[in-house]
Asker: 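First the structure, which I've put down as structure tokens, then a few questions once you've had a look.
Per chain, numbering begins at 1; letters A, B, ... match sequence-line order.
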Amino acid sequence: MAVVDWVYDGLLALLVLGLAAGALYSLSLYRAVVFYIALGLVLALVWARLGAPDLALAEAAIGAGLTGVLLLSALKHQPNKARLMGWPWLPGLTGIAILLLLIMMVKAVWGLPQGMAAVGQAALLAVPESGVEHPVTAVLLNFRAWDTLLEVLVVLLALLALRQLTLPDETFPDAWPLLLAWSRLLAPLSLLLGIYLLWRGADAPGGAFQSGALIAAGLLMLRLVGLSPALPWSRFGVRLSILIGPTIFLLAAMATASLGAGWLAFPPDWSKALILLIEVAATTSIAISLALLVGSDSRELNQ
Amino acid sequence: MTEFQLFLGLGLLLFLLGVHGLVLSEHTIRRLIAINVSGGGVFLVMVSLASRGDSVDPVMQALVVTGLVVAVSATAFALRLGSALTRAESSDREGDH
């Protein structure tokens with residue numbers, strides 16, 4: 001590895017550790033949240049460095065963007081003072097426990113053989129039969145479609161759980177004119193980019209989750225500056241777009257189970273069309289669900 | 001040492017840093033940040049392991065993409081739960097006076 005690479009990787013590693021320490025130990029919670037958002041962006045660079053552009057896209061949109069909005073809006077309802085635990089012996093004891101854990105984990109991980117695991121090689125070999133060309137999309141939507149189905153259901157469950165809580169009515173301060181102008185430009189752009197990522201996901205990094213997260217970010221931006229109306233649960237269209245992803249996914253699973261080779265085993269001739277259908281439906285659901293998970297208030301979910 | 005080992009070690013450190021912060025902090029938001037930092041460490045270990053061969057292991061990467069979405073959903077629910085708890089506690093206190 002060249003010296004330049006070492007310098008770059010070393011700087012990234014130092015940044016990750018420094019930002020994580022800032023997020024965990026800075027006394028102001030607001031500062032901690034900002035450190036955490038910056039950590040998400042640097043992690044996105046690390047993913048790109050490790051040859052995982054799919055993850056870099058997802059991390060920038062979900063890890064840094066949506067989680068950041070969540071944490072910042074949660075700060076509004078919490079006292080902004082952070083205290084560390086008061087017991088004097090706790091930091092030392094935790095330190096010792098963590099050192100022991102570190103030794104155990106290093107021992108466990110360092111002995112692993114070099115080279116790719118067998119399951120990864122099998123997945124790479126089977127990509128041509130999956131209906132899409134990009135290996136990560138093939139794994140997500142074909143080989144391990146089970147995981148993805150359950151993941152879509154987890155998002156739905158989180159949203160349903162949120163409905164059981166009494167949420168406050170959110171009021172946002174009037175947006176700054178420049179912010180308004182920017183969001184008028186950026187929100188349609190995020191929709192366009194989201195659809196592009198969905199389409200490109202078949203043969204390049206991208207796919208339903210990255211696309212859904214980007215569209216959710218656009219919706220949230222419009223919501224925060226007061227340009228978009230609420231998305232109330234009581235409206236049929238909102239419920240439909242939340243449920244369409246899990247529904248189509250389950251229908252496809254049942255159809256392949258009763259007519260074809262088995263639960264979510266797509267027939268090769270149909271797999272491209274099926275994957276596209278599932279991806280479009282899942283993207284719609286993920287976009288609306290994530291936007292509601294992050295930015296909804298009592299008018300939207302409690303009624 | 002190679003790039004893979006550097007980021008593998010970084011992932012371990014990040015995980016443990018998150019655990020340390022989780023044990024030492026008392027505030028809901030800080031604890032959720034700590035859990036997410038640990039999660040980032042786990043993802044880093046998985047992605048480093050995915051990149052140890054000649055080509056990148058797509059199964060590990062797909063698992064991490066899934067993990068990211070599940071993490072944000074769980075965090076969203078936990079944060080709202082925390083806010084609801086704070087509101088309930090403060091309205092209880094007002095009721096006492």
Asker: Could you tell me which of A:Gly212, A:Gly95, A:Ala138, A:Ser296 has the largest number of non-hydrogen atom pairs under 4.5 Å with chain B?
Answerer: A:Ser296
Asker: Output the option from A:Ala23, A:Ala21, A:Ala122, A:Ala123 having the highest count of non-hydrogen pairs under 4.5 Å with chain B.
Answerer: A:Ala23
Asker: Can you tell which of B:Leu10, B:Leu8, B:Val64 has the highest number of heavy-atom pairs within less than 4.5 Å of chain A?
Answerer: B:Leu10
Asker: Sort B:Phe15 into side chain, backbone, both or neither according to what part of it lies under 4.5 angstrom from a heavy atom of chain A.
Answerer: side chain
Asker: Using non-hydrogen atoms and a 4.5 Å limit, figure out which bit of A:Val294 sits close to chain B: side chain, backbone, both or neither.
Answerer: backbone
Asker: Do you know which of B:Ser83, B:Gly21, B:Ser90 has the most heavy-atom pairs under 4.5 Å to chain A?
Answerer: B:Ser83
Asker: So for B:Phe77, is it side chain, backbone, both, or neither that comes closer than 4.5 Å to the heavy atoms of chain A?
Answerer: both
Asker: Please state whether the side chain, the backbone, both or neither of B:Leu44 comes within less than 4.5 Å of a heavy atom of chain A.
Answerer: both
Asker: How far apart are the closest heavy atoms of B:Ile29 and A:Val33, and which atoms are they?
Answerer: CG2-CG2, 4.4 Å
Asker: Which residue pairs pass the side chain to side chain donor-acceptor pair (under 3.5 Å) test when at least one of the two sits in residues 40-52 of chain B, sequence neighbours left out?
Answerer: none
Asker: Out of B:Thr75, B:Leu68, B:Leu49, B:Val70, which one racks up the most heavy-atom pairs below 4.5 Å with chain A?
Answerer: B:Leu68
Asker: List for me each residue that meets ring-ring contact (aromatic ring centres under 6.0 Å, His included) alongside B:His20, sequence neighbours excluded, and say none if there are none.
Answerer: A:Tyr25
Asker: With a 4.5 Å cut-off on heavy-atom pairs, point out which of A:Leu66, A:Leu43, A:Leu17, A:Val154 contacts chain B the most.
Answerer: A:Leu17
Asker: Can you tell which of A:Leu101, A:Leu39, A:Leu71 has the highest number of heavy-atom pairs within less than 4.5 Å of chain B?
Answerer: A:Leu71
Asker: Which atom names give the shortest non-hydrogen contact between A:Val136 and B:Gln61, and what distance separates them?
Answerer: CG2-OE1, 3.5 Å
Asker: Side chain, backbone, both or neither: which part of B:Leu63 has a non-hydrogen atom closer than 4.5 Å to chain A?
Answerer: side chain
Asker: Is it the side chain or the backbone of A:Leu70 that comes within 4.5 Å of chain B heavy atoms, both, or neither?
Answerer: both
Asker: Check whether any side-chain N or O of B:Arg80 sits under 3.5 Å from a backbone N or O of A:Arg163 as a donor-acceptor pair, and report yes or no.
Answerer: no
Asker: Might you point out which heavy atoms bring B:Pro58 and A:Val139 nearest each other, and give the distance in Å?
Answerer: CB-CG2, 3.9 Å
Asker: Please flag which part of A:Leu141 lies under 4.5 Å from any non-hydrogen atom of chain B: side chain, backbone, both or neither.
Answerer: neither
Asker: If you count heavy-atom pairs under 4.5 Å between each of A:Glu151, A:Glu59, A:Gln164, A:Lys76 and chain B, which one has the most?
Answerer: A:Glu151
Asker: For A:Leu290, is it the side chain, the backbone, both, or neither that has a heavy atom closer than 4.5 Å to a heavy atom of chain B?
Answerer: side chain
Asker: Kindly give the heavy-atom pair with the smallest separation between A:Val155 and B:Ser73, and that separation in Å.
Answerer: CG2-OG, 3.6 Å
Asker: Rounded at 0.5 Å granularity, tell me how far CG in A:Asp5 sits from CG in B:Leu6.
Answerer: 11.5 Å
Asker: In terms of heavy-atom pairs under 4.5 Å with chain A, which of B:Val56, B:Val37, B:Val47 leads?
Answerer: B:Val47
Asker: Provide the closest heavy-atom pair for A:Leu124 versus B:Ser55 in the form atom of the first, atom of the second, distance.
Answerer: CD1-OG, 3.4 Å
Asker: If you count heavy-atom pairs within less than 4.5 Å of chain B, which of A:Ala213, A:Ala74, A:Gly40 leads?
Answerer: A:Ala74
Asker: Which atoms of A:Leu165 come close to chain B, meaning under 4.5 Å heavy atom to heavy atom: side chain ones, backbone ones, both, or neither?
Answerer: side chain
Asker: Which pair of heavy atoms, one from A:Ala20 and one from B:Leu17, lies closest together, and at what distance?
Answerer: CB-CD2, 3.7 Å
Asker: Between the side chain of A:Gln210 and the main-chain N/O of B:Val65, is any donor-acceptor distance below 3.5 Å?
Answerer: no
Asker: Among B:Val45, B:Leu13, B:Leu16, which residue meets the side chain to side chain contact (heavy atoms under 4.5 Å, CB included) test with A:Met105?
Answerer: B:Leu16
